[in-house]
Each structure stands twice: as C-alpha cells, then as structure tokens.
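This report refers to the structure that appears directly beneath it.
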Amino acid sequence: MSSHDYNRYCVDVPGGQLSVGVWEPVASGPGRVPTVCVIHGITSNHLFFAGLVSALPGVRIIGPDLRGRADSRTLPGPFGMAAHAQDVTAVLDAFAPEGPVTLVGHSMGGFVAMTLAGTAAEQNIDTGAEAARRFRGPILIDGGLPLPVGQSHGDGPVDDLHDEDLDTDDLIAAVLGPAAERLSMTFGSVEEYLAFFAAHPAFVDGLDTVATESFVYDLAAKDDHSFQPSTSVEAMQADSADMYTGSDYREALETLVGSDDSQSEVVFLFAERDLVAAEPGLYPPELTEDFARQWPQMDIVDVPGTNHYDILLTETGIDACAAAVTSRIGAETDGAVE
C-alpha cells in the first residue's frame, strides 16, 4: 500500500499557472499533519523527490515545478531566485496558508529555499513580528550554500562562485557541465533519452523507478515527434547567473546565518561526489570545514557514498535526507513522525 495519495494541480502565478504535485499522507497521527515543500534543481522537476516522499509517511509533501521546467515550462521570465521564491510562496498560500512549512531544496532548489526563508525572516525583523515562523529549515541537499570554483589556496577557504566578474557561460560550465549541454539535445524517443542517462556516470548502478519517472516527465514533445528536455535554456542561463551573482540570495544568506537561532534551523547535507560521480563533490571537504567554522550552529551532514543526484535516490541518501527533514518537523508533528 502506498504511503501517500498523489495529485497534480495548477496555481496562478505571474505570467500563467505553475504546476504543483501534492502527496497527501494516507495515514497520519493525531493533530496537525506536518507539511514539507520540496524544491527541485535547475534542470529537474518535483518527481525527483518521490523516493524521499516514501520515507516520510504521515507527512504532506508539496512539490512545485519551477517556472521554465517540466509542466511549468511555458511560463515566461523573469527567472531568478526571488522570482522562484515568489512562485513557491503563491503555492504555499494556496496549499498551506497557515504553516508552518518545512522547506527542502536540492541543488538550485536549496538557493530558492534559502532566498524564501531569508526574505521571510528579514520581513519579520523589519515588522517586529513575534508570530511563529511560517517556514522551518531549510534543509539543503547538495546545494543552497556558496559553491566553489577552482581549488583551495593554501590554508585559506576555497574561492566561491559569488564573483560578479565571472562570465555566465563560465559559471554554467563550472557547475553544470553536461547537465547544461543536455538541454540543447534532441532525442528520437523516450527510450533514447533514458539510454542517455543510463550511460551517465552518475547512474552507473542503473535507473530506478523514481529517476525513470522523473526523466520521462521531463521530456517535451516537438512538432517533428522528437523530444527534448523541458527546461528552457533561457531559464537555466538566467538562474545560473542569479544564483551566483544576484543580490537576493546573498542577502537571504546573510540574514539566515546572522543569528544563532536562524542558523541552527539550517541543515546542509553534501554528497561525496559531483554531477558526474567524480570526487570531490560540489562541496569539497575543505569548503564544508570552512562552513562549519563560519557557522557553528548549522547542522552540516556528510553523506558518504553518494553523488549529486543519487543522494535523493539511494537508501543511504534518502535515509540521511529523511532524518534531516524529520529533525525539523518532529517538534510539530504531534506523533505523526517519530
């Protein structure tokens, strides 16, 4: 028996409608059903979280497709972290207006989650609000903290990508690599697309049901009956630039790490290997050690044996992510999650 019932909805946002998947728990404990919002990566979609959903019985999961991706692919810009955070806010206004909602972001979704949580925290500071926080976390899964570029220099921290002088194409190549190249490719069939991923070094152990369904959902049919990935190149380029050089994320980060209370809400999980299953991962050990020194209240979790993708697909990765989510919603579940 499935732990959740799944349905898809549309929510009005600037420029059109955003597609949203909602997993409602089949059974839950007494009291309020805890709610989690999962925010996917730059070329992904909400179905990539389906494995994590199964590990959270009794929890309601809301997963939007960000504008420019999957069933939200026809939504126009502007893109960027603030625009995505605004869209996610509209989704949560529709499905969880009273909160609290635990935010979970994978890869770029972590940057969106940080922007959303930081903006809300800043608004509370500005207004002197004493009400309970609407958002918990965020839980960041191999994303959401400043990414490195190049190598470390001596005993100093690794240079990060938050450099306004860096070219957008360089940023995309440094971080996304083949993931960005895939967006310009055309595939003759669904099977051909799945074969592309089956040959990808990050999926050498094969494609499970979650990955397969997410990848199939990602495809958009063309007029000549071929297929292409649904993420718009324009969205990917704009989001890459904003993620690393925009001000909204930076200001949100400063707000969230600026106090022990908000810093202690953040959980950061990082994979051992990167997007092509090479070591080190997107966040090398020297960088995560630097994070721990800078932000001692933040919960920083190494997830060994995982890469940037299968941290949400393997038992090891899912267990670590589910434990992180549970740690932030546990106090509010009234028995729904232990």
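Given the structure is predicted, the values throughout are model-derived calculations rather than measurements.
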Between [X] and [Y], is there a donor-acceptor pair closer than 3.5 Å when you use the side chain of the first and the backbone of the second?
| X | Y | answer |
| --- | --- | --- |
| Ser107 | Gly41 | no |
| Thr119 | Leu116 | no |
| Ser72 | Arg67 | no |
| Thr245 | Asp242 | no |
| Tyr9 | Leu18 | no |
| Glu272 | Pro304 | no |
| Asp274 | Ala277 | yes |

How close do [X] and [Y] get, heavy atom to heavy atom, and via which atoms?
| X | Y | result |
| --- | --- | --- |
| Ala235 | Gly68 | CB-CA, 4.3 Å |
| Thr255 | Gly118 | CG2-O, 3.8 Å |
| Ser19 | Tyr217 | OG-OH, 3.8 Å |
| Ile42 | Thr231 | O-CG2, 3.6 Å |
| Thr288 | Ile300 | O-CD1, 4.1 Å |
| Gly21 | Tyr6 | CA-CE1, 3.8 Å |

Evaluate the side-chain proximity of [Y] to [X]: yes if any heavy-atom separation is below 4.5 Å, no if none is.
| X | Y | answer |
| --- | --- | --- |
| Phe215 | Phe203 | yes |
| Leu145 | Trp295 | yes |
| Leu282 | Phe270 | no |
| Leu92 | Cys37 | yes |
| Met185 | Phe187 | yes |
| Asp5 | Val26 | yes |
| Leu312 | His106 | yes |
| Val112 | Ile39 | yes |

task = List the steps, then state whether side chain to side chain contact (heavy atoms under 4.5 Å, CB included) holds for Met108 with Asp239.
result = CA-CA 8 Å; Met108 187 194 79; Asp239 286 339; 3.6 Å; yes

[X] side, atom [atom1]; [Y] side, atom [atom2] - distance, nearest 0.5 Å:
| X | Y | atom1 | atom2 | answer |
| --- | --- | --- | --- | --- |
| Ser264 | Gln297 | OG | CD | 6.5 Å |
| Leu219 | Glu192 | CG | CD | 10.0 Å |
| Glu234 | Met236 | CD | CE | 11.0 Å |
| Phe48 | Ile141 | CZ | CD1 | 10.5 Å |
| Arg136 | Arg328 | CZ | CZ | 10.5 Å |
| Arg69 | Leu183 | CZ | CG | 9.0 Å |

Should [X] and [Y] be regarded as members of a common hydrophobic cluster, given that ILVMFWY residues are connected when their side-chain heavy atoms come within less than 4.5 Å of each other, either directly or indirectly?
| X | Y | value |
| --- | --- | --- |
| Tyr244 | Phe79 | no |
| Ile318 | Leu103 | no |
| Leu147 | Met81 | yes |
| Val204 | Leu207 | no |

ask   = Under 30°, 30 to 60°, or over 60°: which ring-plane class applies to Tyr309 and His200, parallel, tilted or perpendicular?
value =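 Judged by the thresholds at 30° and 60°, the geometry between Tyr309 and His200 is perpendicular.
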
ask   = Angle class for the Tyr193/Phe196 ring planes (parallel below 30°, perpendicular above 60°, tilted otherwise)?
value =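 Judged by the thresholds at 30° and 60°, the geometry between Tyr193 and Phe196 is parallel.
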
remark   = ring-ring contact (aromatic ring centres under 6.0 Å, His included) filter on His40, not counting sequence neighbours, yields none

request  = Applying ring-ring contact (aromatic ring centres under 6.0 Å, His included), name anything that partners Phe227, two or more places apart in sequence or on another chain.
outcome  = none

request  = For Val59 and Val33, run side chain to side chain contact (heavy atoms under 4.5 Å, CB included): C-alpha distance rounded to whole Å, both residues' side-chain angles, the deciding distance at 0.1 Å, then the answer.
outcome  = CA-CA 6 Å; Val59 178; Val33 175; 6.0 Å; no

For the residue pair [Y] / [X], report whether a side-chain donor-acceptor contact shorter than 3.5 Å exists.
| X | Y | value |
| --- | --- | --- |
| Ser226 | Asp224 | yes |
| Ser214 | Asn45 | yes |
| Gln228 | Thr186 | no |
| Thr212 | Thr209 | no |

Stepwise side chain to side chain contact (heavy atoms under 4.5 Å, CB included) test for Leu56 and Val325 = CA-CA 9 Å; Leu56 295 170; Val325 174; 4.0 Å; yes

Charged N to carboxylate O under 4.0 angstrom, [X] versus [Y]?
| X | Y | answer |
| --- | --- | --- |
| Arg73 | Asp71 | yes |
| Asp65 | Arg8 | no |
| Asp218 | Arg182 | yes |

ask   = side-chain hydrogen bond (donor to acceptor under 3.5 Å, both in side chains) between His308 and Asp142: does it pass, once the steps are laid out?
value = CA-CA 6 Å; His308 181 70; Asp142 218 36; 2.7 Å; yes

task = Could you walk me through whether Leu194 and Val216 pass side chain to side chain contact (heavy atoms under 4.5 Å, CB included), step by step?
result = CA-CA 8 Å; Leu194 293 176; Val216 171; 4.1 Å; yes

